[in-house]
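Scroll down for the structure; my scribbles are underneath it.
Counting starts at 1 for both ligands and their atoms, in listed order.
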Amino acid sequence: MKVTKFGGSSLASATQLEKVFNIVQADPERRFVVVSAPGKRDSSDTKVTDALIKYYKNYVDGKDLSSSQKWIINRYQTMVDELGFPGKCMKKITESILNLATLPIDDNEFLYDAFLAAGEDNNAKLVAEYFTYKGIPARYIHPKKAGIIVSSEPRNARILPSSYDKIEALSEADEVLVIPGFFGVTVDNQICTFSRGGSDITGSIIAAGVKADLYENFTDVDGIFAAHPGIIHNPHSIKELTYREMRELAYAGFSVLHDEALLPAYRGRIPLVIKNTNNPDHPGTRIVLKHSDHTLPVVGIAADDGFVSINMSKYLMNREVGFGRKVLHILEELNIRWEHLPTGIDDLSLVLRSRELTPIKEEEILRQLNSKLEVDKAEIEHGLSIIMIVGENMKSHVGVTATATAALSKENVNLAMISQGASEVSVLFVIKTEEKEKALKALYQAFFGVTQDTRA
Ligand code: ASP
């Protein structure tokens, strides 16, 4: 039994929907289909979710709504027309879009969520009718009926653990169930969405709930690339990743799957595969609990920009009880999150995202470091990037960091910091942003260069 989720680009047009139908038809184990709202047909197009945001804004601002309503309804109607099925669902879709503009505006913290959720909700109705018309008996099911009960956190819902029992009962359905992604219902019966891109989360929740054998996440790439294709020419896609590796890569800029989507499947011990709707025969990337082979020390190399480091030094810092706590306390008081904390004997750095700081906060940090902690030197360095080499099998290989640093030094890349956690899933380098491309290319060549073609 498989749960199969299709992203917005897989559902953007009639041609894409035909591919989706063929994929579901090809495997009778695909019993649960989770859908996003229709995405962009080309780069100049608008995602239905974004059109709904515009519609919402016009509604609360008291502006004219007719063009927003028409555009959104027409988006679904065009697909029905191009696919040539009766489109009985269009009556309900039209009503649902128009009804949004009758919901109360005042004291309604879930209004935005109700607008946003309509994109997936109506798409699921359309897909279910289309599948049935083409010969796969399918049924649309609303998240409330499916049992997706979530916390009352507008735009940022979380699944309530008690939901899973009800979701499990879905496995008794005879037809293919088509479930809209991206939202659930609160105990008070309010529509509440996950954060943006959250249809991935719904798929993962359903997979965990029905105890699926596999959660398939269909998108528009052949799986997860081992490095950013914008920098590395034609990188290979990774065959297999563990959940922990995926988490590390996602942290450092790999964004194929929503961050929060890993957890339900991971807890339910459900393997996940990322596949391409436009190339369904490609095996894609499997995300598993444990590697099936132990040969590759590094599976992927991620890089992310927008970091700063707060560097300080103080003679005999190591002898001072509570020094680290006092530094962190300064940040806590200023409501600043930090990410990495490399240390030396007499120096300490905090690496954080630059968005956490403002010029006023920076000044305050330096002032307090000097006055309260009496450091010898304190400075804030901007324009940094992180590069992470990731692989669980690193811990059974000697010399991985040596390979990386040798490759970087050959290219004259200066390493501002190196950090490796005790779990040895990744090694992180902090470098100047202007050296990122060079560094990424050097590392890719060092770890994958020779065998790149055979892996592709
Ligand atoms: N349609 C929603 C968004 O654009 C959710 C999703 O596609 O996963 O964020």
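- Listed by chain and number, residues touching ligand 1 at under 4.0 Å (heavy atoms only) are Ser36, Lys47, Thr49, Glu120, Phe182, Arg196, Gly197, Gly198, Ser199.
- Proximity of Val176 to Arg30: side-chain heavy atoms (C-beta onward) are nowhere separated by under 4.5 Å.
- Within the structure, salt bridge (charged side-chain N to carboxylate O under 4.0 Å, His left out) contacts touching residues 58-67 (residues at least two apart or in different chains) do not occur.
- Ionic pairing of Asp304 and Lys436 is not present here: no N-O contact between side-chain nitrogen and carboxylate oxygen is shorter than 4.0 angstrom.
- Going from atom CE of Met246 over to atom OG1 of Thr242 covers 10.5 Å, rounded to the nearest 0.5 Å.
- By the 30° and 60° cut-offs, the orientation of the rings of Tyr130 relative to Phe85 is tilted.
- Aromatic ring orientation, His340 versus Phe307: tilted (interplanar angle from 30° to 60°).
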